[in-house]
2 protein chains.
Amino acid sequence: MCPSEAGVEPRRGPTAYRPAQQRIIDAALVLFAEHGVNATSLQMIADAIGVTKAAVYHQFRSKDQIVLAVAEVVLAGLEAAVEAAEAEESRARAREVLISAMIELGVERRLMTRILQRDPVMLRFQNEHEPFRKIMERLNRILMGGSKGPEARVRAAMISAAIAGAVVHPLVEELDDEALRSQLLDLARKCFRPLQ
Amino acid sequence: MCPSEAGVEPRRGPTAYRPAQQRIIDAALVLFAEHGVNATSLQMIADAIGVTKAAVYHQFRSKDQIVLAVAEVVLAGLEAAVEAAEAEESRARAREVLISAMIELGVERRLMTRILQRDPVMLRFQNEHEPFRKIMERLNRILMGGSKGPEARVRAAMISAAIAGAVVHPLVEELDDEALRSQLLDLARKCFRPLQ
DNA sequence: GTCTATATGAAGATAGAC
DNA sequence: GTCTATCTTCATATAGAC
């Protein structure tokens with residue numbers, strides 16, 4: 001669990017953000033999760049941090065750049081999880097590690113999970129942005145555990161949907177992170193491990 | 001399976017739509033699924049059926065009314081599934097019937113499923129629209145099978161997320177309805193029945 | 001039921017001062 | 001880094017003719 005925990009930290013690699021930019025990213029993340037990307041105007045973001053639209057434009061050239069920045073934060077977390085899983089030796093173990101990391105990630109950052117899987121803009125982004133697509137392919141490959149048929153596809157789809165969807169489900173909104181995490185880990189073990 | 005199959009038909013109860021309205025609803029459903037509700041303009045809907053915006057406004061007083069109409073179609077399907085399940089005598093059997101009906105519904109109407117669970121506007125709608133909330137409560141109650149604790153909550157969240165999320169997952173996009181349905185039914189049985 | 005034309009407002013974006 | 005002011009574009013919505 002150590003590698004995924006460490007990797008979950010939003011790493012600043014190629015792109016480091018200035019404090020003013022980071023404030024915008026943080027505010028955008030919350031608003032995107034609440035209203036969706038499309039329904040979040042620059043005005044709303046500006047209001048949330050108490051500046052004007054023009055000030056936001058001084059930090060990011062366009063709304064797309066803000067979406068990109070938010071997506072990169074999300075991407076970093078997933079990438080770390082996938083890399084931790086790929087470092088394992090057996091396919092079965094890689095799958096377990098990945099599922100655990102996905103649960104950690106999803107619980108710890110519910111807002112991001114919500115955006116990542118639900119927002120039409122983000123979903124389109126996942127299809128069109130090359131680095132993002134690569135990560136999702138690696139993630140799916142691990143979940144499918146070497147197979148490529150319909151059964152493996154549906155199984156992998158169910159697993160990621162179950163995890164990502166459960167953490168943002170209204171039914172668990174009031175559960176604290178610890179309770180949610182342990183229940184999910186437990187259920188995931190029962191549901192999905194025997195299938196391998 | 002007969003009751004759920006029969007019930008899945010979009011029933012026209014209190015609100016019957018004129019043909020011109022129905023064309024709008026059908027077009028809107030497709031566009032909402034593709035672009036999200038917010039990113040779908042009345043112009044796009046009008047273009048899709050080959051009329052002008054004004055003609056659309058003649059059928060629905062506002063965009064909200066169109067969203068409402070689309071939501072009602074979605075709601076009708078879910079309601080039928082819930083009612084079929086509630087007609088069962090044992091809780092375990094009700095849960096099985098509901099899960100099967102959810103899979104049928106989800107596979108048969110993937111577009112709707114996508115909108116229902118992913119769109120921020122629809123999600124808000126589910127929270128605020130009383131009839132919709134009631135249905136979701138009944139559905140969740142059946143899935144939780146009498147319990148109310150964290151474990152039951154997470155389990156129910158996982159089940160509905162797994163089904164609804166799997167049918168719209170990119171991994172299964174190319175599978176035909178029959179393959180997807182049978183795989184899902186099979187996996188759902190393996191994963192979720194023993195837990196009850 | 002559908003059209004043309006138009007009002008109104010909000011969103012993304014830029015220019016230039018402080 | 002932030003402001004005021006302004007531009008353009010597009011979306012919702014209405015009026016009134018055919």
Side-chain angles (χ1 to χ4, degrees), chain A residues 12 15-72 115 118-125 128-129, chain B residues 12 15-72 115 118-125 128-129:
Chain A
R12 281 286 73 74
T15 41
Y17 294 109
R18 295 186 291 276
Q21 288 182 313
Q22 195 58 54
R23 263 176 286 145
I24 292 171
I25 293 174
D26 293 342
L29 189 68
V30 176
L31 290 167
F32 287 173
E34 171 88 22
H35 307 282
V37 175
N38 259 318
T40 302
S41 67
L42 293 184
Q43 189 63 66
M44 290 163 77
I45 297 175
D47 289 349
I49 53 182
V51 298
T52 60
K53 261 199 297 184
V56 174
Y57 269 104
H58 186 257
Q59 302 301 333
F60 289 97
R61 281 167 48 178
S62 69
K63 186 180 175 181
D64 275 357
Q65 293 300 309
I66 300 178
V67 175
L68 187 77
V70 170
E72 260 182 18
I115 301 173
R118 285 188 170 175
D119 199 280
V121 175
M122 279 295 164
L123 291 167
R124 170 154 314 185
F125 188 79
E128 290 169 6
H129 190 61
Chain B
R12 282 283 75 75
T15 40
Y17 294 109
R18 295 184 292 275
Q21 287 182 313
Q22 194 57 52
R23 265 177 284 145
I24 292 172
I25 293 175
D26 294 341
L29 190 68
V30 176
L31 289 167
F32 287 172
E34 172 86 22
H35 307 280
V37 175
N38 261 317
T40 301
S41 67
L42 293 185
Q43 188 64 64
M44 291 162 76
I45 297 175
D47 288 349
I49 53 182
V51 297
T52 61
K53 264 197 299 185
V56 175
Y57 268 104
H58 186 257
Q59 302 301 333
F60 289 97
R61 281 169 49 181
S62 69
K63 186 180 175 181
D64 275 357
Q65 294 299 308
I66 299 178
V67 175
L68 187 77
V70 170
E72 261 182 17
I115 302 174
R118 286 190 169 172
D119 198 279
V121 175
M122 279 295 164
L123 291 166
R124 168 154 316 184
F125 188 80
E128 291 170 5
H129 190 62

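Within every chain, numbering begins at 1; the chains are lettered A, B, ... in the order of the sequence lines, protein sequences first and strands thereafter.
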A.B. asks: For A:Asn38, is there any backbone N or O sitting under 3.5 Å from a side-chain donor or acceptor partner on B:Asn38?
C.D. replies: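 No; judged by distance alone, with no hydrogens or angles, the pair does not exist.
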
A.B. asks: Among the nucleotides D:dC3, D:dG1, C:dC3, which one has an atom lying closest to any side-chain atom of B:Val51?
C.D. replies: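 For the B:Val51 side chain, the nearest candidate turns out to be C:dC3.
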
A.B. asks: Determine whether a donor-acceptor pair (N or O, by modelled atom type, separation under 3.5 Å) exists between the side chain of A:Gln59 and the backbone of A:Ala20.
C.D. replies: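 No, because the side chain of A:Gln59 does not come within donor-acceptor range (under 3.5 Å) of the backbone of A:Ala20.
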
A.B. asks: Could you tell me the separation between the CG atom of B:Leu42 and the P atom of C:dT8, rounded to a whole number of Å?
C.D. replies: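 Those two atoms, CG and P, are 19 Å apart.
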
A.B. asks: C:dA13, D:dT2, D:dT12: which one has an atom nearest the side-chain heavy atoms of A:Arg23?
C.D. replies: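 So the nucleotide nearest the side chain must be D:dT2.
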
A.B. asks: Round to the nearest Å and state the distance from B:Tyr57 atom OH to D:dT12 atom C1'.
C.D. replies: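 Going from OH in B:Tyr57 over to C1' in D:dT12 covers 4 Å.
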
A.B. asks: In whole angstroms, how far is the C1' atom of D:dT2 from the NZ atom of A:Lys53?
C.D. replies: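 Going from A:Lys53 (NZ) to D:dT2 (C1'), I get 15 Å.
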
A.B. asks: Could you tell me how far apart A:Phe60 (CZ) and D:dG1 (P) are, to the nearest whole angstrom?
C.D. replies: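 These atoms are roughly 12 Å apart.
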
A.B. asks: Identify whether any heavy atom of B:Thr52 sits under 4.0 Å from a base atom; if not, whether one sits that close to sugar-phosphate; answer base, sugar-phosphate or nothing.
C.D. replies: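 Contact class for B:Thr52: base.
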
A.B. asks: Atom CD1 of A:Ile45 to atom C1' of C:dA11: distance rounded to whole Å?
C.D. replies: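 So the CD1-C1' distance, A:Ile45 to C:dA11, works out to 12 Å.
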
A.B. asks: When we call it a touch if two heavy atoms are under 4.0 Å apart, what does B:Ala54 touch: a base, just sugar-phosphate, or nothing?
C.D. replies: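 Here B:Ala54 touches the bases of the nucleic acid.
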
A.B. asks: Just compare C:dG1, C:dG12, C:dA13 and give me whichever is closest to any side-chain atom of A:Ser62.
C.D. replies: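 Looking only at heavy atoms from C-beta outward on A:Ser62, the closest nucleotide is C:dA13.
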
A.B. asks: Could you tell me the separation between the NZ atom of B:Lys63 and the C1' atom of C:dG9, rounded to a whole number of Å?
C.D. replies: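 Distance, rounded to whole Å: 15 Å.
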
A.B. asks: Could you check how far NE2 of B:His58 sits from P of C:dC3, rounded to whole Å?
C.D. replies: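 Atom-to-atom, B:His58 to C:dC3, this comes out as 12 Å.
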
A.B. asks: Could you report the tightest heavy-atom contact between B:Thr40 and B:Leu31, atom names first, then the distance?
C.D. replies: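 Reported closest heavy-atom pair: OG1-O, 3.4 Å.
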
A.B. asks: Please confirm whether the backbone N or O of B:Met44 pairs with a side-chain atom of B:Lys53, one donor and one acceptor, at under 3.5 Å?
C.D. replies: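 Answer holds: no.
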
A.B. asks: Starting from P on C:dG1, measure out to OH on B:Tyr17 and report it in whole angstrom.
C.D. replies: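 Nearest whole value for this atom pair: 15 Å.
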
